[in-house]
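Since the structure is predicted, the reported quantities are computational estimates derived from the model, not experimental observations. Numbers here simply count residues along the sequence, with the first being 1.
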Amino acid sequence: MRYPDGRSTPVARMAAALLSFSLLAAAPLRAQVDDPLSGYVRQAIEGNLGLRQERLAADRADAEVREARGLFLPTVAFDARYSEMSGGMNIGDLVNPAYGALNELTGTDRFPTDVDARLPLSQETRVRIAQPLFQPAIGENHRLRRTLRDLQGHALNTATRQLAADVQSAYLDYARSVRVVELYRSTLPLLDENLRVAERLVARGTAAPDAVLRARAERGETQQALAEAEVRSQSAMRRFNHLLNRGLDTPVEVLPDSALAFAMTVDEDHAVRRALAGREELRQSDAGIAAAESQVRLAGAARLPTVALAVDYGVQGNDYRLSADDDFAVASLVVQWSAFNGGQTGARRQQARISADQARAGRAQVEQQIELQVRTAYRSAQVARGAIATAEDRLAAARRTYELVERRYQEGIAPQIELIDARTAYTSAGLNLILTRYDYAARWVQLERAAALRNLGN
């Protein structure tokens, strides 16, 4: 339908726009060679602030393992003391009288009577080397820290997989909102033309005034829907950019809808097996059980004795002098054993055993929840995929109806209200197909997350 000067009428442009939506949406489902959203996923994994915090937590857990490993090694410590004494015990006060009596008995002065030996001595400087020889708690603590590091690593992978799903879902929300905005914008020229025709018919007296009112109401309703869709589109874009840790108003390229026609590449049972083999939450639960068992052994290690070797070398005296008469060396073998502590060790072991039992029960619950998630996501994706064919049939019928009514309207047979109704049904069918297509893509992302189908390295 064209104007006398050859320009396309708004009706023709609207039909062409809806036809492009239908052809784009009707692209056959196919297996994808490349993941169209993998670039966005990689960008989010590299820059997302929440994931960065998880990485820092993993680095901290690794540092704690190194700290626990250091307990196996000897320690070298240096300490020095210098004191000014006032009062205190002087051994000379005890020795000098005895030495004087001996001198009188022997008639000699062989024994000194001016001994000055106050305790403690004014200074003591030493180096101590200590090495644990038998301390079971050190080994158990090291194993516990390694287990906690593994647990944090699985938590990082869990967050990474969830982020990948969030990024894809956020992109689909944005792309869907863009398609809806485009559809509403393509509808406005037709509504403008309907309003102009209605005003002309009323002016000629061939139509009632309510035709203009209805045309204006319909245009106003579409403008309001367009404004709301634009706000939702902007919000969706900002949520998406936030996940990628970039400027909130950074433009986002919208991929062709055909690139998002995800194929159902797995059956339900296979999806469950993939989930049980690959979900990081199960690995987290396993690490939690191992950590609880390490706590049991760590608590039990308190019942055993500990043996350590310590070697001291230094100098001491009332003045700093380095000579054979002033230095000293001490080697000590230290054994400690807590024979009784009021049952505290047994209580700690019991607590640790209960924690291990809780972790095992939690692991079984997580496994059940994962299977439920996978089966629910799989069947939801199947239903959503089947709805696409129904939406396509509805759009094809609405398009055919619109074409027939438009032809009759051009011939003066169909009233304007019938054309408007046909156009409304055609627009609604196009909108329904857009939403149905993106709903299936979103359900597929949920299935991919639940069944751990995505390789986190991509």
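Aromatic ring orientation, Phe262 versus Trp444: parallel (interplanar angle below 30°, classes split at 30° and 60°).
At a threshold of 4.5 Å between non-hydrogen side-chain atoms, the residues Ser355 and Arg353 do not count as touching. In this structure, the side chains of Val307 and Leu333 come closer than 4.5 Å at one or more pairs of heavy atoms. The closest side-chain heavy-atom distance from Arg185 to Glu230 is below 4.5 Å. Counting heavy atoms from C-beta on, the side chains of Gln350 and Thr345 never come closer than 4.5 Å. Contact annotation: the side chain of Val127 never approaches that of Asp312 to less than 4.5 Å [non-hydrogen atoms, C-beta and beyond]. Looking at heavy atoms from C-beta onward, Phe134 lies out of side-chain contact with Thr306 at the 4.5 angstrom threshold. No side-chain heavy atom of Val167 sits under 4.5 Å from any side-chain heavy atom of Leu37.
Checking side-chain atoms of Glu371 against main-chain N and O of Glu367 turns up no donor-acceptor pair under 3.5 Å. With hydrogens and angles ignored, the 3.5 Å screen pairs no side-chain donor or acceptor of Ser428 with any backbone N or O of Thr424. Using a distance-only test at 3.5 Å, with no hydrogens or angles considered, no donor-acceptor pair links the side chain of Thr376 to the main chain of Gln373. The backbone N or O of Arg303 lies less than 3.5 Å from a partner atom in the side chain of Trp337, making a donor-acceptor pair. Side-chain atoms of Asn103 come within 3.5 Å of backbone atoms of Phe111 as a donor-acceptor pair (strictly under, hydrogens ignored). Between the side chain of Gln131 and the backbone N or O of Phe72, at least one donor-acceptor pair lies under 3.5 Å. Formation of a donor-acceptor pair under 3.5 Å by the Ser235 side chain with backbone atoms of Arg232 is not found in this model. Within the 3.5 Å criterion, the main-chain N or O of Arg246 finds no donor-acceptor partner in the side chain of Thr250. A donor-acceptor pair is defined here as one N or O able to donate and one able to accept, closer than 3.5 Å; such a pair exists between the side chain of Arg161 and the backbone of Arg454. A donor-acceptor contact shorter than 3.5 Å links the side chain of Arg279 to the backbone of Ala450.
The pair Arg363-Asp286 counts as a salt bridge, with a side-chain nitrogen and a carboxylate oxygen less than 4.0 angstrom apart. Arg449 and Glu281 are joined by a salt bridge, as a carboxylate oxygen and a charged side-chain nitrogen come within less than 4.0 angstrom of each other. Between Glu46 and Arg42, none of the side-chain N atoms (NZ, or NE/NH1/NH2) sits under 4.0 Å from a carboxylate O, so this pair counts as no salt bridge. Between Arg360 and Glu293, at least one side-chain N (NZ, or NE/NH1/NH2) sits under 4.0 Å from a carboxylate O, which counts as a salt bridge. A salt bridge links Arg143 to Glu140: at least one charged side-chain nitrogen sits closer than 4.0 Å to a carboxylate oxygen. With respect to the salt-bridge test (charged N to carboxylate O, under 4.0 angstrom), the residues Asp257 and Arg179 qualify.
More than 12 heavy atoms of other residues, nucleotides or ligands lie within 6.0 Å of CG in Asp59, so this atom counts as buried by the packing criterion. Other residues, nucleotides and ligands contribute more than 12 heavy atoms inside 6.0 Å of the CZ atom of Arg55. Under a cut-off of 6.0 angstrom, the local environment of CD in Glu67 is sparse, with at most 12 non-hydrogen atoms contributed by other residues, nucleotides or ligands.
You'll find the ring centres of Tyr313 and Phe328 outside the 6.0 Å limit. The aromatic ring centroids of Phe240 and Tyr40 lie less than 6.0 Å from each other.
Gln382 and Glu268 are not linked by any side-chain donor-acceptor pair at a separation below 3.5 angstrom, with hydrogens and angles left out of the test. There is a side-chain donor-acceptor pair under 3.5 Å between Thr158 and Gln284.
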- Task: Might you work through the side-chain contact (heavy atoms from CB on, under 4.5 Å) test for Leu395 and Glu392, ending with a clear yes or no?
- Result: CA-CA 5 Å; Leu395 178 61; Glu392 290 173 347; 5.8 Å; no
- Message: If you apply the rule side-chain hydrogen bond (donor to acceptor under 3.5 Å, both in side chains), what do you find for Arg149 with Thr147, and how did you get there?
- Response: CA-CA 5 Å; Arg149 178 187 60 186; Thr147 302; over 6 Å; no
- Message: side-chain contact (heavy atoms from CB on, under 4.5 Å), that's the test. Do Leu248 and Gln234 meet it? Break it down for me.
- Response: CA-CA 9 Å; Leu248 296 181; Gln234 188 177 46; over 6 Å; no
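One distance of note links CG of Leu163 with CG of Leu156; it measures 10.5 Å at 0.5 Å rounding. Rounding to the nearest 0.5 angstrom, the gap separating the CD atom in Glu182 from the OG1 atom in Thr187 is 11.5 Å. The line from CG of Asp62 to CZ of Arg145 is 12.5 Å long, rounded to the nearest 0.5 Å.
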